[in-house]
Amino acid sequence: MKFVCSKEAILNEIIYSMDFTSQRNSLSITSNVYLETFNDRLLIRATDQKLGFSTEISVQTLEQGKTTVFCEKFLNILRSLPDTTIQFTASDGIFAIKPTDQSIDFKLRTVGAEEFPSLEEPQDAPFFSIPQKSFTDMSNQTMFAISEDETRYFLCGLYLERNASGMNMVATDGRRLSIVERTFEENLPMFPPVIIPQKFFVELKKLSTDEGMLELSITENLLFARIAQRTFYTTLIKGQYPNYRRVIPDAQTYSCTMRIQDMLDALKRVSLLVENKAKRIFLDISEAGVLLTSDESEVGEAKEIIACQYEGPDSKVSLNYTYLLNPLKVMEGEYFSINFTEPTRAMTVKPESNRDYFHIIMPMQPNA
């Protein structure tokens, strides 16, 4: 195996590949990246057995062949090299890396390509196209509500389902819920609801340019994504997702409207003196404004009042401030509202206008 290409062309793809390898055990074949040359193309593959990645780049193939090398060391070597053309040669268990016109010569030990696991294929599920930005925006509006409790593994991912004109994306950890109900102009196939691991969206954000289309294929156990020449997939989370509709209030009596930036700034300041593990703050909502207060502690206490538009009785709400901070960080527009009937029951946080997402927060009980 022998091929020549620029450092820039191969470096980007190895950077992406690295995230799909298993680095816990450097002796495992899944810590390696698969390389195969044919017809002036280089095929690159990586997998940790749960996620997989494949891509192709143009190279000058001098000798066809295939091999695998330890991805982390390969990446570190590429990063250290000058920006020039590089010749790569695999022979007798050694992968040689030699920049042209340079007195630099690296050699890595290889593992035979036949040892590398096969990547999953979409099989019968066709790909369908949606705008990249729309899908990544959906994950940005929900991902922070994913549970970190691995004993409730079915909540450790984003729930994706078809609706009448598009898709819904949902995340909940049992104390908050975020949902996007998005309409797509594209013709989407029907598919059963799926639970997608968080890491899929972490990698999607790295690979996405937020321009052009994203191709998806959903099977019973796998989700495939394709952007240009790069294809990657994840194993889906098995389990029964809870009936999230039950926690969404049909109607709420009171609505308090504020500027998003006012609340963000106040939360960041008041939370500086939040010492308890529950991250609790208090919101005193009245027609005169919203008073944010930290729990009084040995360190001290913080208070701040922000303007609001509200008609209703004075109400005191106790909540984990991150449950309000996280959605406001990614919320669009200038204003948002907190909607509630009683200060101890579910609150709905909505952006202004008729946007297609909202968030449910369960307040803490007064004696919590």
Side-chain angles (χ1 to χ4, degrees), residues 16-17 19-22 24 28 30 45-55 116-132 134-164 166-174 176-182 184 186-208 213-227 230-245 357:
Y16 292 134
S17 299
D19 286 341
F20 292 85
T21 61
S22 174
R24 292 180 181 177
S28 169
T30 55
R45 290 176 175 168
T47 182
D48 64 1
Q49 302 285 52
K50 291 184 178 179
L51 291 94
F53 171 78
S54 66
T55 184
F116 197 81
S118 299
L119 298 193
E120 300 287 352
E121 298 290 343
Q123 297 177 339
D124 298 331
F127 279 88
F128 61 92
S129 297
I130 56 174
Q132 286 184 43
S134 186
F135 196 68
T136 54
D137 283 350
M138 290 176 76
S139 65
N140 290 340
Q141 292 291 344
T142 51
M143 199 156 59
F144 46 78
I146 290 175
S147 175
E148 296 179 356
D149 181 2
E150 293 186 1
T151 63
R152 306 175 74 192
Y153 61 91
F154 49 87
L155 297 181
C156 296
L158 288 178
Y159 181 73
L160 185 71
E161 65 180 359
R162 273 285 266 125
N163 62 34
M167 295 186 289
N168 299 333
M169 191 176 285
V170 184
T172 182
D173 60 9
R176 55 180 164 172
L177 180 145
S178 294
I179 179 171
V180 182
E181 300 171 307
R182 185 141 299 177
F184 287 93
E186 291 75 18
N187 184 25
L188 308 185
M190 298 303 297
F191 58 83
V194 293
I195 307 172
I196 307 168
Q198 184 173 4
K199 190 178 180 190
F200 175 87
F201 293 96
V202 173
E203 300 308 326
L204 176 62
K205 287 178 73 172
K206 294 177 183 178
L207 290 163
S208 175
M213 304 300 283
L214 166 70
E215 295 180 84
L216 296 174
S217 173
I218 301 172
T219 70
E220 183 180 355
N221 299 309
L222 299 163
L223 170 63
F224 293 84
R226 189 160 61 202
I227 300 175
R230 303 180 182 115
T231 300
F232 59 106
Y233 67 84
T234 181
T235 303
L236 297 170
I237 297 173
K238 289 298 183 183
Q240 182 64 45
Y241 205 77
N243 180 4
Y244 65 88
R245 293 282 177 190
Y357 56 87

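Please read these numbers as outputs of a predicted model, since none were measured by experiment.
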Quick one: pull up [atom1] in [X] and [atom2] in [Y] and give me the separation to the nearest 0.5 Å.
| X | Y | atom1 | atom2 | answer |
| --- | --- | --- | --- | --- |
| Ile237 | Leu223 | CD1 | CG | 11.5 Å |
| Tyr16 | Leu207 | OH | CG | 5.5 Å |
| Tyr357 | Gln141 | OH | CD | 4.5 Å |
| Leu222 | Leu236 | CG | CG | 6.0 Å |
| Ile130 | Gln132 | CD1 | CD | 9.5 Å |
| Thr142 | Met169 | OG1 | CE | 5.5 Å |

Give me the atom names and distance for the closest heavy-atom approach of [X] to [Y].
| X | Y | answer |
| --- | --- | --- |
| Ala46 | Phe116 | CA-CZ, 4.0 Å |
| Leu119 | Ser54 | CD1-CB, 4.0 Å |
| Ser129 | Leu188 | O-CD2, 4.3 Å |
| Gly166 | Phe184 | CA-CD1, 3.9 Å |
| Asn168 | Met138 | C-CE, 4.2 Å |
| Ile227 | Leu214 | CG1-CD1, 3.6 Å |

For Phe144, all residues meeting ring pair (Phe, Tyr, Trp, His ring centres under 6.0 Å), sequence neighbours excluded
His359
Ring pair (Phe, Tyr, Trp, His ring centres under 6.0 Å) involving Phe200 - partner list, sequence neighbours excluded
Phe232
Between [X] (side chain) and [Y] (backbone), is there a donor-acceptor pair under 3.5 Å?
| X | Y | answer |
| --- | --- | --- |
| Ser208 | Lys205 | no |
| Ser217 | Ala125 | yes |
| Arg162 | Pro189 | yes |
| Arg182 | Ser134 | yes |
| Lys199 | Thr234 | no |

Starting from the C-alpha separation in whole Å, work towards a yes-or-no answer on side chain to side chain contact (heavy atoms under 4.5 Å, CB included) for Phe20 and Asp48.
CA-CA 6 Å; Phe20 292 85; Asp48 64 1; 5.9 Å; no
Evaluate the criterion side chain to side chain contact (heavy atoms under 4.5 Å, CB included) for residue pair Leu177 and Tyr244; output intermediate values, then yes/no.
CA-CA 8 Å; Leu177 180 145; Tyr244 65 88; 3.4 Å; yes
Centre of Phe127's six-membered ring, under 6.0 Å away, within 45 degrees of the axis: is that where NZ or CZ of Arg226 sits?
yes
Could you tell me whether the side chain of [Y] reaches within less than 4.5 Å of the side chain of [X], counting heavy atoms only?
| X | Y | answer |
| --- | --- | --- |
| Phe128 | Ile218 | yes |
| Gln49 | Pro117 | yes |
| Asp173 | Leu155 | no |
| Thr55 | Thr231 | no |
| Glu220 | Lys238 | yes |
| Thr172 | Tyr241 | yes |
| Cys156 | Glu148 | no |

Crowded around Asn243 CG? As in, over 12 foreign heavy atoms under 6.0 Å?
yes
Given side-chain hydrogen bond (donor to acceptor under 3.5 Å, both in side chains), test Asn221 with Thr219 step by step and report yes or no.
CA-CA 6 Å; Asn221 299 309; Thr219 70; 5.9 Å; no
Are Met167 and Phe191 close enough, and set up right, to give a side chain to side chain contact (heavy atoms under 4.5 Å, CB included), and what steps lead you there?
CA-CA 10 Å; Met167 295 186 289; Phe191 58 83; 3.7 Å; yes
Can you sort out the partners of Ala145 under side-chain contact (heavy atoms from CB on, under 4.5 Å), two or more places apart, ordered by chain and number?
Ala171, Arg176, Ser178
Which of parallel (below 30°), tilted (30 to 60°) and perpendicular (above 60°) describes Phe224 and Tyr233?
tilted
Between Thr47 and Thr21, is a side chain to side chain contact (heavy atoms under 4.5 Å, CB included) present by the stated rule, with each step listed?
CA-CA 5 Å; Thr47 182; Thr21 61; over 6 Å; no
Does the pair Arg245/Glu181 count as a salt bridge with the N-to-O cut at 4.0 Å?
yes
